[in-house]
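Each ligand, and each atom within it, is numbered from 1 in the order the structure gives. Note that this is a predicted model, so its numbers are computed, not measured.
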Amino acid sequence: MANTVLIGAQWGDEGKGKIIDVLTAAVDWVVRYQGGNNAGHTVEIGNERYVLHLIPSGILRPSTKNVIGHGVVVDPLALVKEITDLEQRGADLRGRFFLSDRAHLVLPYHNLLDACREQAASAGAKIGTTKRGIGPAYGDKAARVGLRAGDLLDPIFPALLQRRVEEANRVLGAWGQPPVDYAKLLADCQAATAKLAPFIADTIPMLNEALARKESILFEGAQGTMLDIDFGTYPFVTSSSATAGGACTGAGVAPHRIDRVVGVIKAYTTRVGEGPFPTELLDAMGEQLRKTGNEFGATTGRPRRCGWFDLVVARYSAMLNGIDAWALTKLDVLDAVPVIKICVAYDCDGERLTTVPANIRKLERCKPIYEEFPGWQCKTTDATTFAELPAGAQAYVRRLEELTGVKVGLLSVGPRRASTMKLTQDF
Ligand code: GDP
Ligand code: IMO
Ligand code: MG
């Protein structure tokens, strides 16, 4: 398969894990390149359900090799748990899972600082983070004081950790929080290192040598375009580059090695956490989408906010990421909806906007302008070809293609592998 970057085109939880699992049948490597265990990627295979937070979703196909690139921030204790859980369920990771020695560590003081900052923020300023320490860990990286996976293997690690804990404890003290116990944390890190050591490697030559051998790579994005640190609804975003460009900087692969970008997009929209969401439905329809789509966070269990498909977001995302094809998911969730709406533009103080404004105060004032669409009101889950879909569902898909200017290459009508249709030759 062509070297592919797969990204979320909305606010995350588009079904990336499911689509990765479908695509990995034809790839040699799957690489995570940003985010941390704030991600929750669900894969359903038969009656088994897996939720992956750090390890690439390709791990569930024994033929693939899987890499956590240096752009990811890694909680070593959470990673050990994830590895152990997978091993207990029969997966063998030896020789096919690698963690970049340059990946920055998320340590418990990052989680505590994340929680303190959220707690102290006034109403309206809370981000609604996953409290996984993501912002503080990327903050340390940018401030050049972070610890990296390779440091775990260095005899100097206890001293490096001690310095970090001392500083974190000063900050936690200022927030009125108890200090982190250095001795316990060191022991926990050392226990984690014993488990992680065989997997830590310099993944940059590994991936580039694989490319030279013409092996194929699927880059697994986490979060989504509207949560990207630069392009999202700042400050209500995550702290990494969730857009396609992040694959190069977060995996160490040159831009011309990437053949295509696939955008995963839901047939409607969801968001977890705070921040503007123009097409949000706070009524019974929002509740219906949440219930039918089982829209509860895969990481935190929080109910996801639900709304109509937002074309302004979809087009912005297609432009920014250079999306070559959509993987359109959760079409089945609309099966019972009598009238479906697509937001084609925003009305902001009387001005018609067709792109996402940078200013979130302005975005908060945006009112969606809708195009209505007749629902098909019958089941799509059992369809295995496009022709088997009801005419209304076919028309909805074609309309989304027309409005976004991007073809749907993969169409998903249920959470399982089998509920996926390939609509174009290149999949
Ligand atoms: P990710 O973070 O993008 O990987 O998405 P999540 O796993 O957090 O959330 C997507 C949810 O939708 C998961 O529970 C999937 O099992 C489920 N899912 C994926 N595709 C479909 C689909 O086409 N239809 C339905 N009904 N569920 C889907
Ligand atoms: P996947 O990969 C949906 C959201 C949080 C919060 C904001 C910042 O499963 O699509 P953070 O903990 O990153 O500092 O939180 O980003 N968020 C996600 N929302 N899916 C995700 O990942 C998310 N990861 C973070 O809810 O609003
Ligand atoms: Mg998710």
Practice prompt. Pull out every atom of ligand 2 sitting under 4.0 Å from any heavy atom of Asp13, numbered as shown with elements.
Written response: 1 (P), 3 (C), 9 (O), 10 (O), 20 (N)

Discussion item. Quick test of your reading of the structure: of Glu14, Lys126, His53, Gln223, whose heavy atom lies closest to atom 21 (C) of ligand 2?
Written reply: Gln223

Discussion item. Looking at Tyr50, I'd like to know if the NZ or CZ of Arg89 sits under 6.0 Å from its six-membered ring centre while staying within 45 degrees of the ring's axis.
Written reply: yes

Discussion item. Between ligand 2 and Asp114, is the shortest N or O to N or O distance under 3.5 Å?
Written reply: no

Worksheet item: What's the verdict on salt bridge (charged side-chain N to carboxylate O under 4.0 Å, His left out) for Arg163 and Glu166, showing C-alpha distance, side-chain angles and the deciding distance?
Response: CA-CA 5 Å; Arg163 244 173 281 152; Glu166 280 167 10; over 6 Å; no

Worksheet item: Should Glu295 and Arg290 count as an ion pair when the cut-off is N to O under 4.0 Å?
Response: no

Response to the item:
Between Ile134 and Gly36 the two heavy atoms that sit nearest each other are CD1-CA, 4.0 Å

Practice prompt. Tell me, please, whether Tyr138 has Arg132 positioned over its six-membered ring: NZ or CZ under 6.0 Å from the ring centre and within 45 degrees of its axis?
Written response: no

Worksheet entry | ligand 2 N/O within reach of Gly135 N/O, cut-off under 3.5 Å | no

Worksheet item: Is Asp332 near ligand 1, meaning one of its heavy atoms is under 4.0 Å from it?
Response: yes

Discussion item. Can you see whether Phe386 has Arg398 sitting over its ring - NZ or CZ less than 6.0 Å from the centre and within 45° of the normal?
Written reply: yes

Discussion item. Is the contact between Ser412 and ligand 1 made by the side chain, the backbone, both, or neither, using heavy atoms and a 4.0 Å cut-off?
Written reply: both

Practice prompt. Identify, for atom 6 (C) of ligand 2, the protein heavy atom at the shortest distance, and state residue, atom and that distance.
Written response: Gly128 O, 3.2 Å

Practice prompt. State whether the number of non-hydrogen atoms from other residues, nucleotides or ligands found under 6.0 Å of Lys126 atom NZ is greater than 12.
Written response: yes

Fill in: Numbered atoms of ligand 1 (with element) below 4.0 Å of Glu44, judged on heavy atoms
16 (O)

Worksheet entry | Full working for ring-ring contact (aromatic ring centres under 6.0 Å, His included) between Phe199 and Phe98 | CA-CA 5 Å; Phe199 302 113; Phe98 306 95; 8.0 Å; no

Worksheet item: Under 4.0 Å between a Lys/Arg side-chain N and an Asp/Glu carboxylate O for Arg148 and Asp101?
Response: no

Worksheet item: Ion pair present between Lys379 and Asp332, side-chain N to carboxylate O less than 4.0 angstrom?
Response: no

Worksheet item: Is any NZ, NE, NH1 or NH2 atom of the basic residue among Lys195 and Glu87 found under 4.0 Å from an Asp or Glu carboxylate oxygen of the other?
Response: yes

Discussion item. Please check this pair: side chain of Thr4 against backbone of Ala2, looking for a donor-acceptor N/O pair closer than 3.5 Å.
Written reply: yes

Worksheet item: Within the distance-only criterion (no hydrogens, no angle test), does the side chain of Asp28 pair as donor or acceptor with the backbone N or O of Glu215 below 3.5 angstrom?
Response: no

Worksheet item: Counting from 1, what ligand 2 atoms have a heavy atom of Trp11 closer than 4.0 Å?
Response: 3 (C), 19 (N)

Item to complete: Would you mind checking which non-hydrogen protein atom is closest to atom 26 (O) of ligand 2, with the distance to 0.1 Å?
Response: Arg302 NH2, 2.9 Å

Item to complete: Return yes or no for this condition: an N or O of Gly15 is under 3.5 Å from an N or O of ligand 1.
Response: yes

Item to complete: Look at atom 6 (P) of ligand 1 and find which of Gly40, Gly17, Ala39 reaches it with the closest heavy atom.
Response: Gly40

Worksheet item: Measuring from the heavy atoms of Gly224, does anything fall under 4.0 Å of ligand 2?
Response: no

Fill in: Numbering as shown, the atoms of ligand 2 that approach Ala39 to under 4.0 Å (heavy-atom distance)
1 (P), 2 (O), 9 (O), 22 (O)

Discussion item. Let's go through Glu48 and Arg416 carefully: what are the C-alpha distance in whole Å and the side-chain angles of both, what is the deciding distance for salt bridge (charged side-chain N to carboxylate O under 4.0 Å, His left out) to 0.1 Å, and is it a yes or a no?
Written reply: CA-CA 10 Å; Glu48 293 288 312; Arg416 301 212 174 139; over 6 Å; no

Practice prompt. Quick one: look up the protein heavy atom nearest atom 27 (N) of ligand 1 and list residue, atom name and how far away it is.
Written response: Lys330 CE, 3.4 Å

Discussion item. Looking only at protein heavy atoms, which one is nearest to atom 12 (O) of ligand 2, and what is the separation?
Written reply: Thr130 OG1, 2.5 Å

Item to complete: Please confirm whether Gly414 comes under 4.0 Å of ligand 1, counting heavy atoms of the residue only.
Response: yes

Item to complete: With atom 9 (O) of ligand 1 as the reference point, say which of Arg304, Arg416, Lys18 has the nearest heavy atom.
Response: Arg304

Fill in: Top protein contact for atom 15 (O) of ligand 2, by heavy-atom distance
Thr129 CA, 3.3 Å

Fill in: Identity and distance of the protein heavy atom lying nearest atom 16 (O) of ligand 1
Pro415 CB, 3.5 Å

Practice prompt. State the atoms of ligand 2, each with its element, that fall below the 4.0 Å cut-off from a heavy-atom position in Lys16.
Written response: 1 (P), 2 (O), 10 (O)

Practice prompt. Tell me which part of Val51 gets within contact of ligand 1: side chain, backbone, both or neither, using heavy atoms under 4.0 Å.
Written response: neither

Discussion item. Tell me whether Tyr234 at atom OH has more than 12 heavy atoms from other residues, nucleotides or ligands lying less than 6.0 Å away.
Written reply: no

Worksheet item: atom 17 (N) of ligand 2: which of Asn38, Leu227, Leu52 has the nearest heavy atom?
Response: Leu227

Fill in: Any N or O of Lys131 closer than 3.5 Å to N or O of ligand 2
no

Worksheet item: Taking the six-membered ring of Tyr370 as reference, does the NZ or CZ atom of Lys341 fall below 6.0 Å from its centre and within a 45° cone about the axis?
Response: yes

Response to the item:
atom 10 (C) of ligand 1 sits nearest the protein heavy atom Asp13 O, 3.8 Å

Worksheet item: For Ser239, is at least one N or O under 3.5 Å away from an N or O on ligand 2?
Response: no

Discussion item. Give the atom numbers and elements of ligand 2 that come within less than 4.0 Å of a heavy atom of Ala222.
Written reply: 2 (O)

Worksheet, complete the sentence: For atom 27 (O) of ligand 2, the closest protein heavy atom turns out to be Val272 O, 3.0 Å

Worksheet item: Short list, please: which atoms of ligand 1 are under 4.0 Å from a heavy atom of Ala298?
Response: 8 (O)

Worksheet item: With a cut-off of 6.0 Å (strictly less than), are more than 12 heavy atoms of other residues, nucleotides or ligands near CD of Gln119?
Response: no

Item to complete: Return yes if a side-chain donor-acceptor contact under 3.5 Å exists between Asn66 and Thr64, otherwise no.
Response: yes

Item to complete: Taking Thr329 for its side chain and Glu14 for its backbone only, find out whether a donor-acceptor pair lies under 3.5 Å.
Response: yes

Worksheet item: Could a heavy atom of Val237 be found less than 4.0 Å from some atom of ligand 2?
Response: yes

Worksheet item: Hey, is ligand 2 close enough to Thr238 that some N/O pair sits below 3.5 Å?
Response: yes

Worksheet item: Would a line drawn from the ring center of Phe373 to the ring center of Tyr396 be shorter than 6.0 Å?
Response: yes

Worksheet item: So which bit of His41 gets within less than 4.0 Å of ligand 2, heavy atoms only: side chain, backbone, both or neither?
Response: side chain

Worksheet item: Can you check whether Phe236's main-chain N or O pairs, donor with acceptor, with Thr233's side chain at less than 3.5 Å?
Response: yes

Item to complete: Answer yes when Glu44 and Arg49 have at least one side-chain N-carboxylate O distance shorter than 4.0 Å, and no when they do not.
Response: yes

Discussion item. I need the atoms of ligand 1 closer than 4.0 Å to a non-hydrogen atom of Arg49, numbered in the order shown.
Written reply: 14 (O)

Worksheet, complete the sentence: If you count every protein N, O or S atom closer than 2.8 Å to the Mg ion (ligand 3), you should arrive at 2

Worksheet item: Looking at ligand 2, does Arg304 have a heavy atom less than 4.0 Å from it?
Response: no

Worksheet item: Say you draw a straight line from CD1 of Ile323 to CD1 of Ile7; how long is it, rounded to the nearest 0.5 Å?
Response: 4.0 Å

Practice prompt. Specify the protein heavy atom at minimum distance from atom 7 (O) of ligand 1: its residue, its atom name, and the distance to 0.1 Å.
Written response: Thr42 OG1, 2.5 Å

